[in-house]
A.B. asks: 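Please find one structure pasted underneath; my questions will follow.
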There are 2 protein chains.
Amino acid sequence: MKLSTRSRYGTRLVLELALKFESGPVFLKDICKAQNLSFKYLSQIIILLKTAGIVKAMRGAYGGYCLAKKPEEIKLSEIVGALEGTLNIIDCIKNPEACKKYSNCASRFYWEEINNNICKSLEEITVKNILEKHRALNLLQ
Amino acid sequence: MKLSTRSRYGTRLVLELALKFESGPVFLKDICKAQNLSFKYLSQIIILLKTAGIVKAMRGAYGGYCLAKKPEEIKLSEIVGALEGTLNIIDCIKNPEACKKYSNCASRFYWEEINNNICKSLEEITVKNILEKHRALNLLQ
DNA sequence: TCAATATACTACTATTTTAATAGTATTATA
DNA sequence: TATAATACTATTAAAATAGTAGTATATTGA
């Protein structure tokens, strides 16, 4: 039940783009520098974010990345869903065939309940929330 | 963010012991037969549950396992905590040193919030809840 | 005491996932 | 057309997961 580095790095990446939301596109290498993360690794992660419609890419010289929508419109559930591949903590939620015991399984109902709570938490948090928290932390320094 | 088979199998194992809570100790091989799980794998899992004080073991002939406390006294958080090793979805919750960016990290606050919600969910569900769900499912057949 | 039967412990292993790295292709701009 | 950015694909090292295997230890009853 660990969050992968993909989700963690990807969230930091999106935060970095949110900080520059009003400016033009940002180079991935600058994001990597700011967050001290591997360029090649982030370039894989950001493509998943692009596919999920969270960021937009501009290719070629003077290209870069920017958010595809406003920080308040991006939920943490979208980021984590795109980077973990799924939000489900057990497979049988999506594929009842994944487990032979599906129809008789009492535990499943509670795993699903927990899963719903996780999804709800992730849906209630937006990039704007994280951005404001970030600004509050930086003002304190 | 997947639940391991250890947690899933372990919960099914505990449910099986809860079904026989009033009777004497149960052989692990019978639990394996009932749930169609590997004996050797479950014998590792059940030791973690014993160490966590969830089950009691009786060695030797006519030995077996039973719950160490009443089904309503066993929270899902105990089972998952014992079998996942931790309930934390990110390392810096327990070890601030795990991440260099700890003090400046805005995401962390939200990961912690989600983590707290997961723990709360797991604490609200007891083995008795699962037991009753199991009985309801079996009556329906 | 000893055979039978249960758990306890330790080591090993195959597979999958994670977390990258590397190199090349493609696109857009000046 | 050179340059500088993203896009794509393959490879890899390390760690975690999900087991298997074998032996040791404890308990019971004959």
Side-chain angles (χ1 to χ4, degrees), chain A residues 1-13 17 20 24-33 35-52 54-68 80 82-86 88-91 98-99, chain B residues 1-13 17 20 24-33 35-52 54-68 80 82-86 88-91 98-99:
Chain A
M1 289 279 286
K2 278 274 165 64
L3 202 66
S4 70
T5 55
R6 275 195 306 281
S7 290
R8 294 194 294 108
Y9 294 177
T11 302
R12 283 159 63 182
L13 189 168
L17 288 180
K20 310 255 174 72
V26 184
F27 301 144
L28 186 57
K29 65 175 179 188
D30 290 339
I31 298 174
C32 294
K33 218 172 286 173
Q35 290 282 340
N36 195 34
L37 296 169
S38 150
F39 173 78
K40 284 292 192 180
Y41 194 32
L42 270 205
S43 68
Q44 286 175 31
I45 290 174
I46 206 164
I47 284 173
L48 295 171
L49 294 171
K50 196 189 71 165
T51 306
I54 295 166
V55 309
K56 267 190 309 191
M58 276 130 289
R59 294 177 72 157
Y62 300 87
Y65 293 96
C66 58
L67 294 187
V80 176
L83 300 179
E84 300 286 324
T86 174
N88 295 333
I89 61 169
I90 46 171
D91 288 330
C99 181
Chain B
M1 288 278 285
K2 279 272 166 64
L3 202 67
S4 70
T5 55
R6 275 196 305 281
S7 289
R8 295 194 293 110
Y9 294 177
T11 303
R12 284 159 63 182
L13 189 167
L17 287 180
K20 312 255 174 73
V26 184
F27 301 144
L28 185 57
K29 64 175 179 189
D30 290 339
I31 297 174
C32 295
K33 217 172 288 174
Q35 290 282 340
N36 194 33
L37 296 169
S38 149
F39 174 79
K40 285 290 191 179
Y41 193 32
L42 269 203
S43 69
Q44 285 175 30
I45 290 173
I46 205 164
I47 284 173
L48 295 172
L49 294 171
K50 196 189 71 168
T51 306
I54 295 165
V55 309
K56 267 190 307 190
M58 276 129 289
R59 294 178 69 155
Y62 302 87
Y65 294 97
C66 59
L67 294 186
V80 175
L83 300 180
E84 300 286 322
T86 173
N88 295 333
I89 61 168
I90 47 172
D91 288 330
C99 181

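Reminder, nothing fancy here: chain letters follow the sequence lines and each chain counts from 1.
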A.B. asks: If we fit an axis to the first five pairs and another to the last five of the helix from C/dT1-D/dA30 to C/dA30-D/dT1, what angle do they make, to the nearest 10°?
C.D. replies: 10°
A.B. asks: Are B/M1 and B/I89 close enough that some pair of their side-chain heavy atoms sits under 4.5 Å apart?
C.D. replies: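 They are in side-chain contact.
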A.B. asks: Checking B/A61 now: which residues fulfil side chain to side chain contact (heavy atoms under 4.5 Å, CB included) with it, not counting sequence neighbours?
C.D. replies: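 None.
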A.B. asks: Restricting to side chain to side chain contact (heavy atoms under 4.5 Å, CB included), what partner residues turn up for B/K40, sequence neighbours left out?
C.D. replies: B/S38
A.B. asks: Whole angstrom is fine here: how far is it from CG in B/L42 over to C1' in C/dC9?
C.D. replies: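 Interatomic distance, CG of B/L42 to C1' of C/dC9: 17 Å.
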A.B. asks: In whole angstrom, what separates B/Q44's CD from C/dA11's C1'?
C.D. replies: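 Answer to the nearest Å: 10 Å.
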A.B. asks: Judged by each residue's nearest nucleotide on DNA chain D, which is more toward the 5′ side, A/K50 or A/M1?
C.D. replies: A/K50
A.B. asks: Starting at CG of B/L17, measure out to CD1 of B/I46 and round the result to the nearest 0.5 Å.
C.D. replies: 5.5 Å
A.B. asks: So, using side-chain hydrogen bond (donor to acceptor under 3.5 Å, both in side chains) as the criterion, who are the partners of A/R6 when residues are at least two apart?
C.D. replies: none
A.B. asks: Tell me every residue that passes side chain to side chain contact (heavy atoms under 4.5 Å, CB included) with B/A52, counting only those two or more places apart in sequence or in another chain.
C.D. replies: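 Testing B/A52 for side chain to side chain contact (heavy atoms under 4.5 Å, CB included), a comparison that skips the adjacent residues, returns B/I54, B/A82.
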A.B. asks: Indicate whether OP1 or OP2 belonging to C/dA8 is found under 4.0 Å from a side-chain N or O atom of B/Y65.
C.D. replies: yes
A.B. asks: Just jot down the side-chain hydrogen bond (donor to acceptor under 3.5 Å, both in side chains) partners of B/Q44, sequence neighbours excluded, or say none.
C.D. replies: none
A.B. asks: Would you check if the side chain of B/E84 reaches a backbone N or O of B/L3 as a donor-acceptor pair within less than 3.5 Å?
C.D. replies: no
A.B. asks: In whole angstrom, what separates B/L28's CG from C/dC9's C1'?
C.D. replies: 14 Å
A.B. asks: Return the set of residues passing salt bridge (charged side-chain N to carboxylate O under 4.0 Å, His left out) with A/D91 (not counting sequence neighbours), or none when no residue passes.
C.D. replies: B/K2
A.B. asks: Rounding to an integer number of Å, can you tell me how far B/I45 CD1 sits from C/dA8 C1'?
C.D. replies: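 Rounding to the nearest Å, CD1 of B/I45 and C1' of C/dA8 are 15 Å apart.
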A.B. asks: Measure all distances between protein nitrogen or oxygen atoms and nitrogen or oxygen atoms of nucleotides 3-5 of chain C, and list the pairs falling under 3.5 Å.
C.D. replies:
{"unit_1": "C/dT5", "atom_1": "O2", "unit_2": "B/A61", "atom_2": "N", "d": "3.2"}

A.B. asks: What is the distance from atom CG of A/L28 to atom CZ of A/F39, rounded to the nearest 0.5 Å?
C.D. replies: 5.0 Å
A.B. asks: Applying side-chain hydrogen bond (donor to acceptor under 3.5 Å, both in side chains), name anything that partners A/T5, two or more places apart in sequence or on another chain.
C.D. replies: A/Y41
A.B. asks: Going by the rule side chain to side chain contact (heavy atoms under 4.5 Å, CB included), which residues pair with B/F27 if we only count those two or more places apart in sequence or in a different chain?
C.D. replies: B/K29, B/D30
A.B. asks: Atom CD1 in B/I31, atom NZ in B/K20: separation rounded to 0.5 Å?
C.D. replies: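 Between atom CD1 of B/I31 and atom NZ of B/K20 there are 7.5 Å.
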A.B. asks: Between which nucleotides of DNA chain D, 5' to 3', does chain A make heavy-atom contacts below 4.0 Å?
C.D. replies: D/dA4 to D/dA10
A.B. asks: What integer distance in Å separates A/R6:CZ from C/dT17:P?
C.D. replies: 11 Å
A.B. asks: Measure all distances between protein nitrogen or oxygen atoms and nitrogen or oxygen atoms of nucleotides 23-25 of chain C, and list the pairs falling under 3.5 Å.
C.D. replies:
{"unit_1": "C/dG23", "atom_1": "N7", "unit_2": "A/K40", "atom_2": "NZ", "d": "3.0"}
{"unit_1": "C/dG23", "atom_1": "O6", "unit_2": "A/K40", "atom_2": "NZ", "d": "2.3"}

